[in-house]
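For reference, the structure discussed in these notes is given below.
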Amino acid sequence: MIGANLFDKLDKNDLEKIDVFKNNFYNLFPYDYSYIDFNNLKDIKVIMENSNPKDYKKYPLPKGFSIVMYKNGYEYDWARIQTELKQFNTIEDALICFSNTFLNGSEDVYKKCFFIQDGNGKNVATASIWDGNHFGKTMQRIHWVAVSKKYQNIGLGKSLVSTALDLFNSLYSSNYIYLTSQISSYKALNIYSQFGFKPYLSNMPKNFGMDSDTFQRNSEYAWKLISAFSNKNYLSL
């Protein structure tokens, strides 16, 4: 799916490295370089999949942090973190999304949504394992992974993914899990790749909401841009 202008979703450090990104793109995909309008890039949704989710490196939490499961009221922390990361325009929008996604009348949110707390008991990161129906049947996905800006680049992202896979394997026997993301989250995609997730480049999932040709074209385009931002060719994984 094509979203907002990509440059509106990137942080200041990324925007300052656009020339590096362009050079990476040229080195990785020289034959496509002239076809890319670098002034009009869109933030496209992508899928990653993992067919061996039991084999991954464990990443313990940094000292002073702890994992806690969702409790009533934590939705306000979830909304605060996600809005801070520009996933929503307002806290109210984020709260509506949380309610529609997680508060579905079941008890699953208490078992499948978790947070990382700092030493003062403040929720500073979150992730979940949740039902996804992109492929025409219910399959588990890693969902809504987020680390508050102040707490990024200290290893919490890897701890979130490691804990999410621990949780998935404790609840399910399946050998398949997936996630959806977008180009602007290329740093997170790099973390996922370290846990065995690879780009999904097969036929369009049944419920992805576009025609098959557009999906194939968008996916290849998106992964080339992600590769350039990361200086890592995801299409060769």
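If you read the sequence from its start, that first residue is 1, and numbering goes on from there.
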Hey, can you tell me if [X] and [Y] have their rings parallel, tilted or perpendicular (30° and 60° cut-offs)?
{"X": "Phe25", "Y": "Tyr33", "answer": "tilted"}
{"X": "Phe195", "Y": "Tyr56", "answer": "tilted"}
{"X": "Tyr70", "Y": "Tyr74", "answer": "perpendicular"}

**OP:** Return the set of residues passing side chain to side chain donor-acceptor pair (under 3.5 Å) with Gln82 (not counting sequence neighbours), or none when no residue passes.
**Re:** none
**OP:** Answer yes if the ring centres of Tyr76 and Phe98 are under 6.0 angstrom apart, and no otherwise.
**Re:** no
**OP:** Please find out if less than 6.0 Å separates the ring center of Trp144 from that of Trp130.
**Re:** no
Looking at [atom1] of [X] and [atom2] of [Y], how far apart are the two atoms once the value is rounded to the nearest 0.5 Å?
{"X": "Ser219", "Y": "Lys45", "atom1": "OG", "atom2": "NZ", "answer": "11.5 Å"}
{"X": "Gln182", "Y": "Ile47", "atom1": "CD", "atom2": "CD1", "answer": "12.5 Å"}
{"X": "Phe38", "Y": "Leu225", "atom1": "CZ", "atom2": "CG", "answer": "7.5 Å"}
{"X": "Thr83", "Y": "Ile91", "atom1": "OG1", "atom2": "CD1", "answer": "4.0 Å"}
{"X": "Phe229", "Y": "Asn24", "atom1": "CZ", "atom2": "CG", "answer": "9.5 Å"}
{"X": "Asp211", "Y": "Met204", "atom1": "CG", "atom2": "CE", "answer": "7.0 Å"}

Take atom [atom1] in [X]; do more than 12 heavy atoms of anything else shown fall under 6.0 Å from it?
{"X": "Lys54", "atom1": "NZ", "result": "yes"}
{"X": "Asn153", "atom1": "CG", "result": "no"}
{"X": "Lys71", "atom1": "NZ", "result": "no"}

Is a donor on one side and an acceptor on the other found under 3.5 Å between the side chain of [X] and the backbone of [Y]?
{"X": "Ser170", "Y": "Leu167", "answer": "yes"}
{"X": "Asn133", "Y": "Lys137", "answer": "no"}
{"X": "Thr214", "Y": "Met210", "answer": "no"}
{"X": "Asp43", "Y": "Ser184", "answer": "yes"}
{"X": "Ser148", "Y": "Val124", "answer": "no"}
{"X": "Asn23", "Y": "Asp19", "answer": "no"}
{"X": "Asn120", "Y": "Lys122", "answer": "no"}
{"X": "Arg217", "Y": "Ser212", "answer": "no"}
{"X": "Glu49", "Y": "Leu201", "answer": "no"}
{"X": "Ser193", "Y": "Asn190", "answer": "yes"}

**OP:** Please determine which of Arg141, His134, His143 meets the side-chain hydrogen bond (donor to acceptor under 3.5 Å, both in side chains) test together with Thr180.
**Re:** Arg141
Path from [X] to [Y] over hydrophobic side-chain contacts below 4.5 Å:
{"X": "Val145", "Y": "Val109", "answer": "no"}
{"X": "Ile154", "Y": "Val147", "answer": "yes"}
{"X": "Ile129", "Y": "Ile81", "answer": "no"}
{"X": "Leu160", "Y": "Ile191", "answer": "yes"}
{"X": "Tyr186", "Y": "Leu41", "answer": "yes"}

Subject >> Stepwise side chain to side chain contact (heavy atoms under 4.5 Å, CB included) check, Thr126 with Phe114 >> reply: CA-CA 6 Å; Thr126 183; Phe114 62 93; over 6 Å; no
Subject >> Modelled atom types, side-chain donor and acceptor of Lys158 and Gln194, under 3.5 Å >> reply: yes
Original post:
Side-chain donor-acceptor pair under 3.5 Å between Lys198 and Asn50, yes or no?
Top reply: no
Residues [X], [Y]: salt bridge by 4.0 Å N-O rule:
{"X": "Lys112", "Y": "Asp131", "answer": "yes"}
{"X": "Glu220", "Y": "Lys224", "answer": "yes"}
{"X": "Lys58", "Y": "Asp166", "answer": "yes"}

Subject >> Sub-4.5 Å side-chain heavy-atom contact between Asn123 and Gln117 >> reply: yes
Original post:
Going by heavy atoms in the side chains, are Ile36 and Phe29 under 4.5 Å from each other?
Top reply: no
Minimal non-hydrogen separation, [X] against [Y], with atom names:
{"X": "Pro60", "Y": "Ser159", "answer": "O-OG, 3.1 Å"}
{"X": "Pro62", "Y": "Leu156", "answer": "CD-CD2, 3.6 Å"}
{"X": "Ile177", "Y": "Pro53", "answer": "CG2-CB, 3.9 Å"}

Original post:
Passes side chain to side chain contact (heavy atoms under 4.5 Å, CB included), Leu85 versus Gln152? Steps please.
Top reply: CA-CA 11 Å; Leu85 299 177; Gln152 293 179 0; 3.5 Å; yes
**OP:** Apply salt bridge (charged side-chain N to carboxylate O under 4.0 Å, His left out) to Lys86 and list each qualifying residue two or more places apart in sequence or on a separate chain.
**Re:** none
**OP:** Walk me through it: do Phe102 and Cys97 pass the test side chain to side chain contact (heavy atoms under 4.5 Å, CB included)?
**Re:** CA-CA 8 Å; Phe102 297 110; Cys97 178; over 6 Å; no
**OP:** Tell me, with the steps shown, if Ile67 and Ile116 meet side chain to side chain contact (heavy atoms under 4.5 Å, CB included).
**Re:** CA-CA 5 Å; Ile67 296 288; Ile116 293 177; 3.5 Å; yes
Original post:
Looking at Tyr178, Trp223, Phe135, Phe208, which one forms a ring pair (Phe, Tyr, Trp, His ring centres under 6.0 Å) with Tyr200?
Top reply: Phe135
